[in-house]
Structures are given as structure tokens and as C-alpha cells.
There are 2 protein chains.
Amino acid sequence: MGRKSDMPKLGAEPIRKAALINATIFEVGRAGSLDVTVAQIARRAGMSPALAHHYFGSKDQMFLAAMRYILRIYGDSVRESLPGRGTRGRLNAIIRASFAPVNFQRETVSAWLNFYALALTSPEAARLLRVYHRRLRSNLLVALRGLTDDPGRVADTLGALIDGVYLRAVLTPGPTDAAAAQQVIETYLNEALA
Amino acid sequence: MGRKSDMPKLGAEPIRKAALINATIFEVGRAGSLDVTVAQIARRAGMSPALAHHYFGSKDQMFLAAMRYILRIYGDSVRESLPGRGTRGRLNAIIRASFAPVNFQRETVSAWLNFYALALTSPEAARLLRVYHRRLRSNLLVALRGLTDDPGRVADTLGALIDGVYLRAVLTPGPTDAAAAQQVIETYLNEALA
DNA sequence: TCGTTAATTGATCAACCAATCAAGAACAGG
DNA sequence: CCTGTTCTTGATTGGTTGATCAATTAACGA
């Protein structure tokens, strides 16, 4: 039988790292700030602060790993729902993925935003963000082909609008309303592609 | 005669406070983070850290005062350019004010964003932000009256779009391009009000 | 002139925290 | 068993920082 409580000895590295990344996102989202101590994160992940340093080397590396993770999760959820048929279907798939529960949970969005702020300071974080922006734009451009005569502008507007909606979602008290957010985006699209 | 340069002894409070607020915005914008020390801010404002504490009591109060200031500056610049004639003129005035140089300098936008993040933590900051959102929305609703049959949705979209454009402006390397930003907004308006 | 009030700072404290290290505990292979 | 490797942590440290306080200087009013 697979036990859990007594065998975490060998091959622990990937499990520990994953636990730390999850804990980082959770704590950053919860605190609404990057001002979380390594001790907090480690405790949440069920280990000592020293072990966290052992696996990640530094707090910054932990943040970057967490950022890579949420960006990858987002990329995956887009890719998963991408085979939407037809150009307009493809477009809707991207939107839908952006506001899928995984990407729109309050803690996730809060962490996301704080990692944005990190990009103002850390070149590595800025690089990650550029990659994400480039991919999103590229995906949007493909999906918009044929639907408008200025795909570049619409893609830019759409990107900014998505970010803005995220921002407001996390800043508005109460539960986040993914459906309403999605509606805003789709209504814009209907107008822009008329 | 009222002199200025040789009597800086009494009545220093307002001058010092203003200097500290400016220094706070500048340093927060420069660092791209709220992780600036009171010593940094005080030095930039030309005084000792102790004096900063003397006038503001705490670092948080300094941040809140700075946030109030940038929000007020923004409100003023909107109100100033508001008497635009005609409904559409009024709308353009709000947009123009949002992207006026004062409000779109890199340091200002960066500070703005970091104060947004502060609202995730500080109830007082959240309150200030709500006031700003409410006012912007109210202004937009008035300006949109008669131009669309769903002013509420357009106002929401517009607000999110403005925030998103700000976000991208500060995250994109290189100088901020206010004209391009404004163009994105106005193109959206032309589509939405068609 | 004297006392009161505002302005200003150096010195200092107490807290916090990221990072290091040495050492212990558990396991695999021989 | 014995040995080396992985895993794990308590203890420590070096540095930073928000905040306090006593003391000094300068202005103002009576």
C-alpha cells in the first residue's frame, strides 16, 4: 500500500519543490504582497525554512519558480482548450481559458499581480512576463486572422483589457465573478469584430 | 515683504510633508516596489529619517498620504479638462486627462501600481481606491449618457481598459508612449459607440 | 529677557529575517 | 554491517529597518 506519513525519504526533491511552489503562490496571494517570509512558506509546505533554502537556494529563486509555474499552468489551460473549431471558436477558447477557475481564483490572481510587480525589479521575472505576453499576442493574432483588418491593434486592446479585468477582479471585494469578467471581454470582441 | 529663502524655521510642516510625499512617490516609482526604506525617502527629501517619522508617525501613513496625493492629482486633472463641450468632448477630456504627462510618467505609473498592490493589504488604501473607482465610473456614466444604451457596461470596460493600458505601459521597457495608449482607448470608444 | 513651542537630528533599540552550517537521521548498495 | 548519499533541521549570524527618545537649536510672544 502507498503510505504517506512515513516514507518521504528518497526522491523527495520534486515533491518538496512542488509543495514549496504551491505554498509560495498561496501565501503571496493570501498576503497580497511579496512580503512573505521564507519561514511562512516553508511552514505552510510542512518543512523547515532551511530545507526551502536547500532546494531553491534563495527566496528570489522560489518566487521565480512560482511565477514560472503559474505562467505554465496558464499556457497549458490555453493549449488544452485551443482546438476550438473555427477562428471565432479559437478566440473564445483563449478567453475561456484565461478565466478558467484555475486561473481566476482569488489567490492566483493576487499572486499573478504581485509577480507582475516583481517584473519591475527582477530582470528574470520581466523576461518571463515578456514570454507570456508574446505568446498570448501570437495566439491572439492567429485567432484574429480574417476576423479584422487590424489584428495587431485588436490583440493589443484585448491583452490590455484582460489584464485590466484581472486587476479589477482582485481589487473588488467579494468573490471574483469569472462569468461577468468573461462577458466584458466577449462583448468587446463582438463590437470590435462587427 | 514675504520672504521665502531665509525663514525656513517656522511653519515647516507643510513644506516638509509635501517634500516627503514627493520623495515617496519618486522612490517607490524608481524602485518599482513598496520596499523602500524611510531612510531612502527622507534622504531624497533632504532630511533625517527621524523627522519623517515625526511628521507622519509611521511609514504606512506616509504611503497613504502619497496615495491620496496621486489620486487627488488625477482627480484635479480630470476636473480641469472636464468642461469639454458636448458629451463626446467630455468623454475625450477624461481620456486625455488620464494620459496627461503628469499621470503617465513612468515613476507615477509605477507608484500607482504599487499603491494598487497596497490596497490588497491595507483597508485604508482599499477605501481610497474605491473612492477613485466610483468617481471615475460616475464621470464616465455622465459622459456616456445618450451615446450608448448600456452606459454601465461601457464604463466598466473603459475603466478596465485604462487600468490594463497603464499596466502594460509600465511593464513595457522603453519610454512610455502616451499617444499610442490614448489611441487604443479612443479606437475602442469609436467601436463601442458606433 | 525669558519661557514656550516648533524643528531637527544622532544615537539607539528591538525585531525581524534571509542565508549558512554543522550535525543528525534515514536509506541504498555492496 | 559499513559507506556514501540524500534528506532534514536547530542554532546561529550578519545585516537591515521601523520606530523612539533625549538633547540641541531656533523662532515667537509677553
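None of these values were measured; they are calculated from a predicted model. Residue numbers begin at 1 in each chain, while the letters A, B, ... track the order of the sequences.
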Show the atom names and distances, to 0.1 Å, of all donor-acceptor pairs under 3.5 Å that link a side chain in residues 180-189 of chain A to residues at least two apart or in another chain.
residue: A:Gln183; atom: NE2; partner: A:Thr187; partner atom: OG1; Å: 3.3
residue: A:Thr187; atom: OG1; partner: A:Gln183; partner atom: O; Å: 2.8

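- Note on residues 31-53 of chain B: pairs passing side-chain hydrogen bond (donor to acceptor under 3.5 Å, both in side chains), not counting sequence neighbours, are B:Glu27-B:Arg44.
- A:Asp35 has its CG atom 10 Å from the P atom of D:dG18, to the nearest Å.
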What donor-acceptor contacts under 3.5 angstrom involve side-chain atoms of residues 130-141 of chain B, with partners at least two apart or in another chain?
residue: B:Arg137; atom: NH1; partner: B:Asp156; partner atom: OD1; Å: 2.5
residue: B:Arg137; atom: NH1; partner: B:Asp156; partner atom: OD2; Å: 3.3

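- Counting non-hydrogen atoms of neighbouring residues, nucleotides and ligands closer than 6.0 angstrom, the CZ atom of B:Arg68 exceeds 12 such neighbours.
- Under a hydrophobic-cluster definition in which Ile, Leu, Val, Met, Phe, Trp and Tyr are linked whenever side-chain heavy atoms come within less than 4.5 Å, directly or via other members, A:Val28 and A:Val38 are assigned to different clusters.
- At least one donor-acceptor pair closer than 3.5 Å links the side chain of B:Arg168 to the backbone N or O of A:Gly159.
- Applying the ring-ring contact (aromatic ring centres under 6.0 Å, His included) test to residues at least two apart or on different chains, none of the pairs has a partner in residues 30-49 of chain B.
- Helix bend of the helix from C:dT1-D:dA30 to C:dG30-D:dC1: the angle between its two end axes, each built from five pairs, comes to 10° after rounding to 10°.
- Evaluation of the side-chain hydrogen bond (donor to acceptor under 3.5 Å, both in side chains) test over residues 96-107 of chain A, restricted to residues two or more places apart or in two chains, returns A:Tyr74-A:Ser98, A:Ser77-A:Asn103.
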Note to self: Strictly under 4.0 angstrom, non-hydrogen atoms only: write out the protein contact profile of nucleotides 12-23 of chain C, one letter per nucleotide from the 5' end, B, S or -.
What the structure shows: -----SSBBB--
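- Across the protein-nucleic acid pair, B:Leu51 atom CG and D:dA23 atom C1' stand 15 Å apart, rounded to whole Å.
- Residues B:Leu113 and B:Leu171 are not in side-chain contact: their nearest non-hydrogen atoms beyond the backbone lie 4.5 Å or more apart.
- Atom CZ of A:Phe56 is separated from atom C1' of D:dC7 by 16 Å (rounded to the nearest Å).
- At the phosphate of C:dA6, neither OP1 nor OP2 sits under 4.0 Å from any side-chain N or O atom of B:Tyr55.
- Partners of A:Phe104 by ring-ring contact (aromatic ring centres under 6.0 Å, His included), not counting sequence neighbours, listed by chain and number: A:Phe99, A:Tyr166.
- The environment of CG in B:Asp149 is sparse: at most 12 heavy-atom neighbours from other residues, nucleotides or ligands sit within 6.0 Å.
- Scored by the salt bridge (charged side-chain N to carboxylate O under 4.0 Å, His left out) test, A:Arg79 finds A:Asp76 as partners (sequence neighbours excluded).
- Near DNA chain D, defined here as any heavy-atom distance below 4.0 Å, there are no residues from residues 110-125 of chain B.
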Give every pair of a protein N or O atom and an N or O atom of nucleotides 13-15 of chain D that lie under 3.5 Å apart, one pair per line with the distance.
none

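- Within the 4.5 Å cutoff, the side chain of A:Val102 has no heavy atoms near those of the A:Thr108 side chain.
- Listed nucleotides C:dT9, D:dT8, C:dT8 differ in distance to A:Arg16; the shortest reach to its side chain belongs to D:dT8.
- Here the side chains of B:Ile41 and B:Val36 are in contact, with some heavy-atom distance below 4.5 Å.
- Taking the charged nitrogens against the carboxylate oxygens, B:Glu13 and B:Arg16 have no contact shorter than 4.0 Å, which rules out a salt bridge.
- The side-chain heavy atoms of A:Leu71 and A:Phe115, taken from C-beta on, include no pair separated by under 4.5 Å.
- What separates CZ of B:Arg43 from C1' of C:dG10 is a distance of 15 Å, to the nearest Å.
- Within residues 21-30 of chain B, no residue has a heavy atom under 4.0 Å from DNA chain D.
- Whole-Å rounding puts the A:Met47 CE to D:dT8 C1' distance at 11 Å.
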